[in-house]
Amino acid sequence: MNIEEFFELSAGKWFSHRTSQHLAFNQSEHSKSDIIIETLAIDDPEVIKLCQQYKVNPSSASCAAKISWNGTMEKDQVKHSGSTVLVSVTDADNPAEGKLLREIVDADKTPVAGHYKFDSDGALILTIEDETMWLEERLWFASPNLRMRVNVLKSVGGFSITSFTSEIRMGGFPPAAKTSEAANSVSS
């Protein structure tokens, strides 16, 4: 699998259920969200703007996506919503690795590119590190309509959170499913 295929397979509407464990406080919390993932053309104005923020030539972008979410944390029942843009820049020497640029909403923060790679079983491993935290996330498809994520977040002060997320596709189809459905409807 490569990053373009991963973004294509991720496109659609998902129901997400996350369980997080705050290790320092020995507390867990649950959240539920609706997530919409849309692929973007690499010449989309949002993609070009993000590349410019990271001082990356937009022509080196390999694919992009916009992720929007709307959810609730179980503990406080407060609604959380937002969106972000992701742009991948594949490593020229190793197509299974590269940088992942993420939209930064806080203008005071310096943008920090994440690093991605695919492991031998096709899971995407994403690592992001800056002066305040380190995050590693592993994302994989259990089936075309079930995506899993596990992550570990460590802050400089020793604050750590681990989480497991399952995402069930609620709408939209991965490219292979569209092709299969079209073939089935033609043969019927």
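Sequence positions, counted from 1, serve as the residue numbers for this chain.
- I36 places none of its side-chain heavy atoms less than 4.5 Å from the side chain of I67.
- Nearest heavy-atom pair across V87 and A64 is CG2-CB, 4.0 Å.
- A 4.5 Å side-chain heavy-atom check between L40 and V85 finds at least one atom pair inside the cut-off.
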- [ ] Take K99 and H115 through the test side chain to side chain contact (heavy atoms under 4.5 Å, CB included) and record every step on the way to the result.
- [x] CA-CA 5 Å; K99 291 182 197 171; H115 177 265; 5.9 Å; no
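- I35 and W140 end up in different hydrophobic clusters when Ile, Leu, Val, Met, Phe, Trp and Tyr side chains are linked at under 4.5 Å.
- Comment: D121 engages R138 in a salt bridge, judged by a side-chain N to carboxylate O separation of less than 4.0 angstrom.
- Put simply, I168 and V150 are part of the same group of oily side chains (I, L, V, M, F, W, Y) that touch within less than 4.5 Å, one to the next.
- Residues L146 and M148 have side chains in contact (heavy-atom distance under 4.5 Å, counting atoms from C-beta outward).
- Between H30 and H17, the ring-plane angle classifies as parallel under the 30° and 60° cut-offs.
- Side chain of D91 to backbone of P95: no donor-acceptor contact under 3.5 angstrom is found.
- Residues V56 and L101 meet the side-chain proximity criterion, which asks for heavy atoms closer than 4.5 Å.
- Between the side chains of T132 and D130, a donor-acceptor pair is found at a separation under 3.5 Å.
- Contact record, I48 with I42: CG1-O, 4.2 Å, taken as the closest heavy-atom pair.
- For the residue pair P144 and R169, the shortest heavy atom distance occurs at O-NH2, 2.9 Å.
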Open item on the list: I'd like to know whether L124 forms a side chain to side chain contact (heavy atoms under 4.5 Å, CB included) with I3, so could you lay out the CA-CA distance, the side-chain angles of the two residues, the decisive distance to 0.1 Å, and finally the verdict.
Closed with: CA-CA 8 Å; L124 175 68; I3 194 70; 4.0 Å; yes
- [ ] Show the numbers, then the answer: is there a side chain to side chain contact (heavy atoms under 4.5 Å, CB included) between H22 and S28?
- [x] CA-CA 6 Å; H22 298 265; S28 63; over 6 Å; no
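- Contact annotation: the side chain of D43 never approaches that of P58 to less than 4.5 Å [non-hydrogen atoms, C-beta and beyond].
- Within 6.0 Å of the CE atom in M170, the count of heavy atoms belonging to other residues, nucleotides or ligands does not exceed 12.
- A donor-acceptor pair under 3.5 Å is formed between the side chain of E5 and the backbone N or O of N2.
- Taken together through direct or relayed side-chain contacts under 4.5 Å among Ile, Leu, Val, Met, Phe, Trp and Tyr, F15 and L139 form parts of separate hydrophobic clusters.
- For the pair W134/V152, a side-chain contact is recorded, criterion being any heavy-atom separation below 4.5 Å from C-beta on.
- A 4.5 Å side-chain heavy-atom check between E4 and L9 finds every atom pair outside the cut-off.
- Smallest separation of non-hydrogen atoms from V89 and S60: CG1-O, 3.6 Å.
- A salt bridge links R147 with E167: the closest approach of a Lys/Arg side-chain nitrogen to an acidic carboxylate oxygen falls below 4.0 angstrom.
- The shortest distance between side-chain heavy atoms of I128 and R102 falls below 4.5 Å.
- Hydrophobic clustering places L135 together with W69 (ILVMFWY residues linked when any side-chain heavy atoms are closer than 4.5 Å, directly or through intermediates).
- When ring centroids are compared, Y116 and F6 stay outside the 6.0 Å threshold.
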- [ ] Report the C-alpha distance between E136 and I125 in whole Å, list the side-chain angles of each, state the deciding distance to 0.1 Å, and finish with yes or no for side chain to side chain contact (heavy atoms under 4.5 Å, CB included).
- [x] CA-CA 7 Å; E136 183 172 281; I125 309 295; 4.1 Å; yes
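- Contact record, V112 with E129: CG1-O, 3.0 Å, taken as the closest heavy-atom pair.
- Note that the OG1 atom of T72 and the CG atom of N70 stand 7.0 Å from one another [nearest 0.5 Å].
- Heavy-atom minimum distance, L86 versus F7: O-CE2, 4.1 Å.
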TODO: Go through the steps to decide whether S62 and T90 satisfy the test side chain to side chain donor-acceptor pair (under 3.5 Å), and finish with yes or no.
DONE: CA-CA 6 Å; S62 54; T90 303; 3.0 Å; yes
Open item on the list: Does N57 form a side chain to side chain donor-acceptor pair (under 3.5 Å) with S59? I'd like the steps, not just the answer.
Closed with: CA-CA 5 Å; N57 185 338; S59 67; 3.0 Å; yes
